[in-house]
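Input: one structure, supplied below.
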Amino acid sequence: MTIVSMTGIAKSFGASVALADFTIDIASGELICLLGPSGCGKTTALRILAGFEQADGGTIRLDGQDIGQLPPEKRGFGMVFQEYSLFPNMTARQNIEFGLRMQKVPESTRRATVNRMIEITRLEEHAAKFPHQMSGGQKQRVALARAIAISPRVLLLDEPLSALDAKVRESLRDEIRRLQIDLGVTTIFVTHDQHEALAIADRVGVMSNGRLEQLAAPRELYQYPHNSFVAGFIGTMNNFPAHRSTGNGWEVLGRILKATNNQYVDNDARAVVRPEQIAVDAQEGAMAAILTVSFLGAITRVVVAHPDFGNIVADLLSADAGRLHIGDRVNIRIRDDVHEVLIIEAAI
């Protein structure tokens, strides 16, 4: 069942278009990530939904009710920002309780709710601390607990992890997903980090220049991007010339492969080949040479300089990549177990 519906939303700041015909429907209990580069409109969309900005056009509905003219405090949303926005003169417990006090929730109910929030966000050891006594991850958990404590109809998260270091980000990212599933709260999560979005979202909306380019499950986005922007923004993309062969076949790097899509009918196009689909074979006197070798644990990323195709990125099993070194002459090819590629427009 759709709980949030934004239809035809438009917003400009002077001559700058922030959103153009932005339309999205979000189901109850779903976690949606809005993903895109800085300035693409994702935070503007979230702020319009929250009521902090007014749209120039379009409608916003919550459970079928038009809420476009309601002030933020009447929309029943919880919101978490990247800056934490905690009250410095309040302990973690008091910060979590604040929204419940504003709602005039009875003391016994407040106490029970806050205790539960402290437990599920694992803040038992920090409940009596003030913000300046807590780490960034602890403060963000307090902000999250405060937003959830009021039982929001929708939880809005505006790049809540961007100020944290990598290890804390990963831990808190997984914690947010666990809480979201356990509580069943509909959540919209804004981020510019593709790994974050792909790891936790039910669906990811990729945005560019104020437009929603594609909204789909993470695996679908990666395997079947609608256009070259999405293909390049989600994951790493190599692209090679593709020439039409018989039927639905395309010749790419000497292989005849099927197209995963059928919208391009020109004889010449480009094929998207992901790093894990590339094989690298050492060969004396080959045209290409290895530029970098980066050990990433189970995977080793190899960048190959090719005179015809530029720099090509290949992700190899580390067990197979130990024999490759910077400067080695190599051939590149599409792995034997790859039988399909995405065909995109020639001009990218």
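Side chains included, hydrogens not; waters and symmetry mates left out as well; all remaining heavy atoms used. In this text the structure is predicted, and so the values were computed from the model without any measurement.
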**Request:** Nearest 0.5 Å please: distance from the CG atom of Leu172 over to the NZ atom of Lys167.
**Result:** 13.5 Å
**Prompt:** So does Gln103 have more than 12 non-hydrogen atoms from other groups sitting under 6.0 Å from CD?
**Reply:** yes
**Request:** Determine, stepwise, if the pair Thr23 / Thr7 fulfils side chain to side chain donor-acceptor pair (under 3.5 Å).
**Result:** CA-CA 4 Å; Thr23 297; Thr7 306; 5.3 Å; no
**Message:** Pro218 and side chain to side chain contact (heavy atoms under 4.5 Å, CB included): which single residue from Leu198, Leu35, Ile234, Ile200 fits?
**Reply:** Leu198
**Request:** First locate atom CZ of Arg61, then atom OG1 of Thr59, and finally report the distance between them rounded to the nearest 0.5 Å.
**Result:** 5.5 Å
**Complete:** Partner of Phe189 under side chain to side chain contact (heavy atoms under 4.5 Å, CB included), picked from Leu155, Leu34, Asp158, Leu161, is Leu161
**Candidate pair Arg169 and Glu196, rule side-chain contact (heavy atoms from CB on, under 4.5 Å), full reasoning** = CA-CA 9 Å; Arg169 279 183 79 144; Glu196 207 164 80; 2.7 Å; yes
**Prompt:** Does any non-hydrogen side-chain atom of Arg122 lie less than 4.5 Å from one of Glu175?
**Reply:** yes
**Request:** Determine the interplanar angle of the Phe240 and Phe309 rings, folded into 0 to 90°, and report it as parallel if under 30°, tilted if 30 to 60°, perpendicular if over 60°.
**Result:** perpendicular
**Item:** Nearest-0.5 Å distance that lies between atom CG in Leu46 and atom CD in Glu159
**Value:** 10.0 Å
**Message:** I'd like to know if Leu253 and Ile343 are part of one continuous hydrophobic network [Ile/Leu/Val/Met/Phe/Trp/Tyr, side-chain heavy atoms within less than 4.5 Å].
**Reply:** yes
**Item:** Pairwise distance CG(Asp202) to CD1(Ile181) - rounded to 0.5 angstrom
**Value:** 7.5 Å
**Prompt:** Can any side-chain N or O of Ser318 pair as donor or acceptor with the backbone N or O of Ala298 at less than 3.5 Å?
**Reply:** yes
**Message:** Within the structure provided, determine whether Leu62 and Phe77 are in side-chain contact (heavy-atom separation under 4.5 Å).
**Reply:** yes
**Asked** Hey, are the side chains of Val273 and Ile312 touching, using non-hydrogen atoms and a 4.5 Å cut-off?
**Response** no
**Request:** Assess whether atom CZ of Arg323 is packed by more than 12 heavy atoms of other residues, nucleotides or ligands within 6.0 Å.
**Result:** yes
**Complete:** The reported gap from CD in Gln277 to CD in Glu340 (rounded to nearest 0.5 angstrom) is 10.0 Å
**Message:** So which atom in Val330 and which in Ala282 form the shortest heavy-atom distance, rounded to 0.1 Å?
**Reply:** CG1-CA, 3.8 Å
**Item:** Heavy-atom pair of closest approach, residues Lys42 and His192
**Value:** CE-N, 4.0 Å
**Message:** Any heavy-atom pair between the side chains of Glu124 and Glu119 that's under 4.5 Å?
**Reply:** yes
**Message:** As a quick check of understanding, evaluate side chain to side chain donor-acceptor pair (under 3.5 Å) for Arg141 and Gln138, giving each step before the final call.
**Reply:** CA-CA 5 Å; Arg141 291 211 301 273; Gln138 291 159 5; over 6 Å; no
**Request:** Any chance you could lay out the side-chain contact (heavy atoms from CB on, under 4.5 Å) test for Thr260 and Gln223, step after step, and finish with the verdict?
**Result:** CA-CA 9 Å; Thr260 60; Gln223 294 181 335; over 6 Å; no
**Request:** May I ask you to test the Met6-Phe22 pair for a side-chain heavy-atom distance under 4.5 Å?
**Result:** yes
**Message:** Check whether Asn95 reaches the backbone of Phe87 with its side chain - one donor and one acceptor, N or O, closer than 3.5 Å.
**Reply:** yes
**Prompt:** Heavy-atom distance under 4.5 Å between the side chains of Trp250 and Leu257, does that happen here?
**Reply:** no
**Request:** Mark yes or no for whether Gln214, through its side chain, and Leu221, through its backbone, hold a donor-acceptor pair below 3.5 Å.
**Result:** no
**Prompt:** Does a sphere of radius 6.0 Å around CZ in Arg211 hold more than 12 heavy atoms from other residues, nucleotides or ligands, not counting ones at 6.0 Å or beyond?
**Reply:** no
**Asked** Taking all non-hydrogen atoms of both residues, which atom of Gly51 and which atom of Pro72 are closest, and how far apart?
**Response** O-CG, 3.5 Å
**Prompt:** Sub-3.5 Å donor-acceptor pair from the side chain of Thr186 to the main-chain atoms of Gly29, do we have one?
**Reply:** yes
**Item:** Donor-acceptor under 3.5 Å (Arg153 side chain, Asp63 main chain)
**Value:** no
**Item:** Arg274 side-chain N/O to Tyr222 backbone N/O, donor-acceptor pair under 3.5 Å
**Value:** yes
**Request:** Decide side-chain contact (heavy atoms from CB on, under 4.5 Å) for Leu183 and Ile120; before the verdict, give the C-alpha distance in whole Å, the side-chain angles of both, and the deciding distance to 0.1 Å.
**Result:** CA-CA 10 Å; Leu183 299 172; Ile120 66 175; 4.3 Å; yes
**Message:** I'd like to know if Asp337 and Arg335 make a salt bridge, using a cut-off of under 4.0 Å between side-chain N and carboxylate O.
**Reply:** yes
**Message:** Check whether Arg75 reaches the backbone of Ile67 with its side chain - one donor and one acceptor, N or O, closer than 3.5 Å.
**Reply:** yes
**Stepwise side-chain contact (heavy atoms from CB on, under 4.5 Å) check, Thr113 with Val105** = CA-CA 10 Å; Thr113 300; Val105 174; 5.7 Å; no
**Message:** For residues Ile299 and Val338: do they belong to one hydrophobic cluster (side chain heavy atoms under 4.5 Å, members Ile, Leu, Val, Met, Phe, Trp, Tyr)?
**Reply:** no
**Fill in**
For Ile256 and Gly249, the nearest pair of non-hydrogen atoms, with its separation, is CG2-CA, 4.3 Å
**Asked** Are Val142 and Met134 close enough that some pair of their side-chain heavy atoms sits under 4.5 Å apart?
**Response** yes
**Asked** Considering residues, nucleotides and ligands other than Asn209, do more than 12 of their heavy atoms fall under 6.0 Å from its CG?
**Response** no
**Message:** According to a hydrophobic-cluster definition based on side-chain heavy atoms being under 4.5 Å apart (Ile, Leu, Val, Met, Phe, Trp, Tyr only), do Ile290 and Ile278 belong together?
**Reply:** yes
**Message:** Quick check on the hydrophobic clustering: are Ile26 and Ile148 connected, directly or via other members, by side-chain heavy-atom contacts under 4.5 Å?
**Reply:** no
**Item:** Heavy-atom neighbours of Glu284 CD exceed 12 at 6.0 Å
**Value:** no
**Asked** How long is the gap from CG on Leu324 to CD1 on Ile326, to the nearest 0.5 Å?
**Response** 11.0 Å
**Prompt:** If you draw a 6.0 Å radius around CZ in Arg178, do more than 12 non-hydrogen atoms from other residues or ligands fall strictly inside?
**Reply:** yes
**Asked** Do other residues, nucleotides or ligands put more than 12 heavy atoms under 6.0 Å from Glu125 CD?
**Response** no
**Prompt:** So, for Val341 and Val272, which heavy atoms are closest and what is the spacing to 0.1 Å?
**Reply:** CB-O, 4.0 Å
**Request:** Taking all non-hydrogen atoms of both residues into account, name the closest pair between Asp25 and Ser5 and its distance.
**Result:** OD1-OG, 2.7 Å
**Prompt:** Do any N or O atoms from the side chain of Gln194 and from the backbone of Phe233 form a donor-acceptor pair under 3.5 angstrom?
**Reply:** yes
**Request:** Decide yes or no for Ile9 and Thr44: does some side-chain heavy atom of the first lie under 4.5 Å from some side-chain heavy atom of the second?
**Result:** no
**Prompt:** Looking at Arg110 and Glu97, does any basic side-chain N land under 4.0 Å from a carboxylate oxygen?
**Reply:** yes
**Message:** If hydrophobic clusters are built by linking Ile, Leu, Val, Met, Phe, Trp and Tyr wherever their side-chain heavy atoms come under 4.5 Å apart, do Ile3 and Leu49 end up in the same one?
**Reply:** yes
